[in-house]
Structures are given as C-alpha cells and as structure tokens.
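In what follows, residues are counted from 1 in the order of the sequence shown. Every heavy atom of this structure was used, including side-chain atoms; hydrogens, water molecules and symmetry mates were not.
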Amino acid sequence: MRTRRREQAVVTKLAASALTLFVLFLLTGWTTKVTPPQSSTSAELSGHVRYLASEELMGRAVGTAGIDLARNYIGEQFAKYGLLPGGDNGTYFQAVEAATGLKLKDASEVAVANARLAPDREWTALGFSASARVEGEMVFVGYGITATDYGYDDYAGMDVKGKIVVVLRYEPPPKDGGSPFRKHPQYSRYAELRTKAQTARGHGAAGMILVDLNSAEESEKGLLSLARTSSTSDAGIVSVQVSHRSLERALAGTGLSLRARKEKIDRDEKPASIPLGWKASLGIQIERITAKADNVIGILPGFESRAKDEHIVIGAHYDHIGLGHYGTRDTSAEGRIHHGADDNASGTAVLLWLAKELSRQPRRLPVAVIFVAFTGEELGLYGSRQYATRPALPLLSAKAMINLDMVGRLRNNRLMVAGAGTAKEFREILNHAELGLSLDVSPGVGRSDHVSFYNLNVPVLHFYTGVHEDYHRPTDTWEKLNFEGMEKVGRFVLHTATRVAGMSGPLTFSRVPPNAGRREELIPTSPPRAPNP
C-alpha cells in the first residue's frame, strides 16, 4: 500500500513537472530548434567583446574610467600570453595625449547687420573653426558647393575674397541618377560641414556662416553643439552657425528671402547666389581640451635571426565614443552609452585571439609581431599617429601593418579588405587564402589607424565587415555580432600574417590614387563623416 502511494506521488510529481514545462513553453516561445554550441574560439571572442562593450565600460571614451578598465584588461591579456611589454618604461602602456573636447572662450562674439547675437541661442561656433576675428560683407552662396565635374558651382561669378559667405546646410536634392548629390537622410561628401568650410577658404572667403533652412523632418532641433562638430584641426577659416530666425530678422528690410533662394536651387538644381548687402563680424576663440590616454603594446619575438630586422604590426583600436556627445549618428541618443561592440570591441577581441594563438604555436613566425591596441582612433587617429612616431621597433623594418576595425558583422561570408594596392605582393597573398570567405578587395586605403602607417610608406591591409545601421549608435551591442564569423576573420588574418612573415625581404610599397577603392559609405571612417552633413 505504501509502495502504491509512493508510485502515485511520483506520477503526480512528474505530471506537475510536465505541466510546468508546458506552461514555460507557452510563455517563452520555446521551439524544437536547438542553438548549436559555440566553438571554444567563438566563445573566447564573445567573452572579450561582452566585457569591452559592457555597461561598466560606458562606451570606452578617452578620458573616462571605462577606457582605463579596457586598457588594463588588454594589458592583462598580453601579459597572460607572455608578450613582451612594448610601451613606456618597461610597461605595456604608451602614453598618448588626445584632444577630447573644445571650449569656446568668453571673448567670442558674432554680429550680423549691426546686431550682436546671443551665443548658444542665436549662434554657435563650429568645432573646426579657426580662432580669429574677421569682418566683411555677407554673400549668400547657396549650399557652398563647387562640383566642377558636374557643372555645379555656387561660387561661379561671385567675388567672395575677404568676405563672409552664408552657406546652406546639406545639399540640393538630386534631379536624376547622374547627380553627385543625395537625398535625406543620406548625404554626399559635398554636404559635409568641413568640406563647405574648405571650399569657402579655397575661394578666398574670410569666414563662413552656416544656416539650416531644411524642413522640421529633415533638420535638427536647435543649433549644432560645439562637441558635435569637433575636429582634430581647424579648417583654416572662421566658421559659425547662425539660427535661421536671426538671419531672416537681419534681412527683413532688404526684400531678400534665403528660403525662396533655397527653394529655387532645390527646384532647378542650379545656383542662386547673391550679395546680401549687410556686414557680419565673427570673433571666435576656441580652446582645445586634452586628456591622457594609452596605447597597449605587446611584442612577440620571431624565431629567426632576421627577426631583429623585420616585423609585422597587427593593430585594432579599443576606444569608442562613450556617451555619444561626439560622433553619434543619432542626435537624440546623446547621453546614452554607445557600446561599440562592432566598433571596435570586435577588432580588439580578434587582436587578443591572434596574440594568444601566435604566442602558443609550437613554432613562432620568423619575424617579430607587434600587437597594438590603439587609443584615440575615434577622435582622429591619435594613438596610431603616436605609435608611428615612437614605434616599439623602427618602422623601416616593418613588413606590413594589418588593421582590424569593425570585423563583427560578417554576412554571406563576405570579408572586405582595403589597402591591397599598397604592396604588389598583397594580391597574391590574399588570393591564396582559401578559408571559405568571399573577399571584396579594394586597392584604396580608407581612413582608420592603418593610415598613420601608410603615410610613412608601410604597406597596409585593413580588414572589416562593413558599416551597418548600428554604426555609432547605442544599438551597436554584443548580441548582434557574428562570433563564428569573427573566428573566420581571425583565422584568415592569421593565415595572411603567416604568409607575409614567410616572405623574405620587404614587401614592395606602392602609393594608390586618392580616389581608388570602393564606395566610401561601406568603409569605416575616422574621424566619422557623420554627423556633420
């Protein structure tokens, strides 16, 4: 009898468990599909990225506690792998001074048509403005574009030397597929604010006033902040943004309408420039704020005697844009953590895996390998420029520099490679890597840390998996990465580095035409082209 009761109790317990599992099935949407387990390498890469892109590190902006945690983590991994310190004073860290922000000095002022305007409310300085005081007649030059090849020039027939040009933000909408201009929210290089300033300077203007007359749907609320338009250097011309209301008020008695002129340009895709008949005075003084940062450098010696004379640099930047005050593509997201999982925790994770893999191989490469986690890339290649100035080994002995920037979103096994034209041997090296990847090879160089080496005549390769909708947004999080894809990228780079190391003598460096390469929107850039259209 007792046995029977015991059996009934067991049956009841099993039934209750089954019911619980069934309810959980309904509540959570379980399916019979089982997610395949990650390989040990993919799991390792995932662990690196999840930490580097965590809330704790707060987007790894230069000058914050988060990037210091990332720096320490990378240094600990290098030490664990047995790499030799390649930084300052026998450490893994190389000091870097980076500009982290700008401050507008109190003496700065803007006056339009004899009316002094209120800072922050009616005008703001653009972050790439020169520090100077200028005064001159105002000339409206449409979108401030000179596109000679297309036959469009807002400056045609206008004398702007020593004058203040008033420039519309963005660019005219394209009339057909042959136009170099683009529609909102995608813009061409002609819409970049710095490009407008450089064009104005090239035509001899003393200063530039930017005005935003776009519709509420296409325009940003208020004036651009100084941080949003920050730059590593000034554009050589005093540049400010003035609110459209302030300009309209100044022109009220002239009978001129900038909005009507804009509509005419947009309708005809033809310039409608005109002198405005008033003067403007721009007095701008900008102070740069700097912070200390660190590259992290580890050295893996080679096994042959020639290793003393030859080496390879493998690098990836580990900084990101923090809370997005500079560099975000979503202005409404300023103040939120921009995790930077793909950009560039992914490249840093692969860098760490390569360091571990190469350091634990039974037979090391014949040449030394320098692993560098760069800082300050997002602010303007500060870390890589500092390393190129003070390298762990002379750059004259560098066979090549391999850069990993945004390698976490492999799709359709398509891996992109820039810089293939910087050494004649690269094509053969890349063509012999049969690891199941479809290579999209570009001879052009792009704009990331490898540029600092290319500028000093070092052959470079930049591996990446493409820009995506989460680029420089808070949504660039670890769970969106393809860790199996990252493993494939890592093994391909390992194969490439091995082939480069095995070639006797230096590679044949070659310069490539400035416009060589793929469509620019597919290449990660630094400083970012957005958000300054």
>> Quick check for you: to the nearest 0.5 Å, what is the distance between I297 atom CD1 and L84 atom CG?
In response: 12.5 Å
>> Quick test of your reading of the model: are R491 and E487 salt-bridged, counting only N-O distances below 4.0 Å?
In response: yes
> How far apart are the C-alpha atoms of E425 and T508, what are their side-chain angles, what is the distance that settles it, and do they pass the side chain to side chain donor-acceptor pair (under 3.5 Å) test?
Replying inline: CA-CA 7 Å; E425 296 85 356; T508 309; 2.8 Å; yes
> If you count the non-hydrogen atoms of other residues, nucleotides and ligands that lie under 6.0 Å from CD in E469, is the total more than 12?
Replying inline: no
> Can S384 and E377 be counted as having a side-chain donor-acceptor contact under 3.5 angstrom?
Replying inline: no
> Salt bridge or not for D440 and R414, using N-O below 4.0 Å?
Replying inline: yes
>> Is there a side-chain contact (heavy atoms from CB on, under 4.5 Å) between M486 and S346? Walk through the geometry before answering.
In response: CA-CA 8 Å; M486 286 172 59; S346 66; 4.0 Å; yes
>> Minimum heavy-atom separation for A400 and V500, please, with both atom names.
In response: CB-CG1, 4.1 Å
> Got a sec: does the NZ of K175 have more than 12 other heavy atoms crowding it under 6.0 Å?
Replying inline: yes
> Between Q198 (side chain) and A235 (backbone), is there a donor-acceptor pair under 3.5 Å?
Replying inline: no
> Under the 6.0 Å and 45° cation-pi test, does R363 pair with F303?
Replying inline: yes
> Counting only heavy atoms not in K480, do more than 12 fall under 6.0 Å of its NZ?
Replying inline: yes
> Between Y170 and Y187, is the gap from one ring center to the other below 6.0 Å?
Replying inline: yes
>> Please find the pair of heavy atoms, one from L393 and one from H311, that lie closest to each other, and give the distance.
In response: CB-CE1, 3.7 Å
>> Has Y387 got a side-chain atom pairing as donor or acceptor with A392's backbone, closer than 3.5 angstrom?
In response: yes
> What's the spacing between L381 CG and N455 CG if we round to 0.5 Å?
Replying inline: 9.0 Å
> Do the rings of H338 and H320 sit parallel, tilted or perpendicular, given the 30° and 60° boundaries?
Replying inline: tilted
> Is S230 reaching over with its side chain to a backbone N or O of A227, donor-acceptor style, under 3.5 angstrom?
Replying inline: no
>> L323 vs M58, test: side-chain contact (heavy atoms from CB on, under 4.5 Å). Steps then yes/no.
In response: CA-CA 7 Å; L323 302 182; M58 297 186 67; 4.2 Å; yes
>> Would you compute the distance between atom OG1 of T465 and atom NZ of K488 and round it to the nearest 0.5 angstrom?
In response: 12.5 Å
> Which heavy-atom pair separates S448 from H462 by the least distance, and what is that distance?
Replying inline: CB-CE1, 4.2 Å
> Are any side-chain N or O atoms of N413 and backbone N or O atoms of S438, one a donor and one an acceptor, separated by less than 3.5 Å?
Replying inline: no
> NE2 of H472 to CG of D342: how many Å apart, nearest 0.5 Å?
Replying inline: 10.0 Å
> Going from NZ on K356 to NZ on K80, what distance comes out if it is rounded to the nearest 0.5 angstrom?
Replying inline: 8.0 Å
>> With a 3.5 Å distance limit and no angle check, can you tell me whether S179 reaches the backbone of D176 through a side-chain donor-acceptor pair?
In response: no
> With a 4.5 Å limit on heavy-atom distance, are the side chains of V367 and I312 in contact?
Replying inline: yes
> What pairs of residues pass the salt bridge (charged side-chain N to carboxylate O under 4.0 Å, His left out) test when at least one of them lies in residues 346-355, not counting sequence neighbours?
Replying inline: none
>> Could you check whether any side-chain N or O of R427 sits under 3.5 Å from a backbone N or O of V441, counting only pairs where one atom can act as donor and the other as acceptor?
In response: no
> Going through the distances and angles, do L224 and R169 end up as a side-chain contact (heavy atoms from CB on, under 4.5 Å)?
Replying inline: CA-CA 11 Å; L224 290 165; R169 197 174 175 194; 3.6 Å; yes
> Under 30°, 30 to 60°, or over 60°: which ring-plane class applies to F371 and F78, parallel, tilted or perpendicular?
Replying inline: tilted
> Going through the checks in order, is the side-chain contact (heavy atoms from CB on, under 4.5 Å) test met by T375 and D294?
Replying inline: CA-CA 6 Å; T375 190; D294 295 280; 5.6 Å; no
> Does any N or O in the side chain of S188 come within less than 3.5 Å of the main-chain N or O of R182, such that one atom is a donor and the other an acceptor?
Replying inline: no
> Looking at side-chain heavy atoms only, is the closest gap between L354 and L404 below 4.5 Å?
Replying inline: yes
> With distance as the sole test, does T348 use its side chain to make a donor-acceptor pair with the main-chain N or O of H317 at under 3.5 Å?
Replying inline: yes
> To the nearest 0.5 Å, what is the distance between OH (Y81) and CD (E357)?
Replying inline: 10.5 Å
> Would a distance-only check, ignoring hydrogens and angles, find a side-chain to backbone donor-acceptor pair under 3.5 Å from D476 to D470?
Replying inline: no
> Hey, would you say the F374 and Y382 ring centroids sit under 6.0 Å apart?
Replying inline: no
> Is a side-chain donor or acceptor of D330 paired with a backbone partner of R473 at a separation under 3.5 angstrom?
Replying inline: no
> Between D68 and R71, is there a salt bridge with N-O shorter than 4.0 Å?
Replying inline: yes
> How close do R385 and G380 get, heavy atom to heavy atom, and via which atoms?
Replying inline: NH2-O, 2.9 Å
> Do the rings of Y454 and F509 sit parallel, tilted or perpendicular, given the 30° and 60° boundaries?
Replying inline: tilted
> With ring centroids as reference points, do Y73 and Y318 lie under 6.0 angstrom apart?
Replying inline: no
> Are K424 and S510 close enough that some pair of their side-chain heavy atoms sits under 4.5 Å apart?
Replying inline: no
>> Show, in sequence, the C-alpha distance, side-chain angles and deciding distance for Y190 and Y143, and conclude whether the ring pair (Phe, Tyr, Trp, His ring centres under 6.0 Å) test is met.
In response: CA-CA 9 Å; Y190 293 108; Y143 288 95; over 10 Å; no
> How far apart are the closest heavy atoms of A423 and L507, and which atoms are they?
Replying inline: CB-CB, 4.0 Å
>> Does any part of the side chain of E55, heavy atoms only, come nearer than 4.5 Å to the side chain of H339, both counted from C-beta?
In response: yes
> Taking the side chain as C-beta and beyond, is there a heavy-atom pair between P459 and T422 under 4.5 Å?
Replying inline: yes
> Does some side-chain heavy atom of E378 sit less than 4.5 Å from a side-chain heavy atom of D343?
Replying inline: yes
> Which pair of heavy atoms, one from A349 and one from V49, lies closest together, and at what distance?
Replying inline: CB-CG2, 3.7 Å
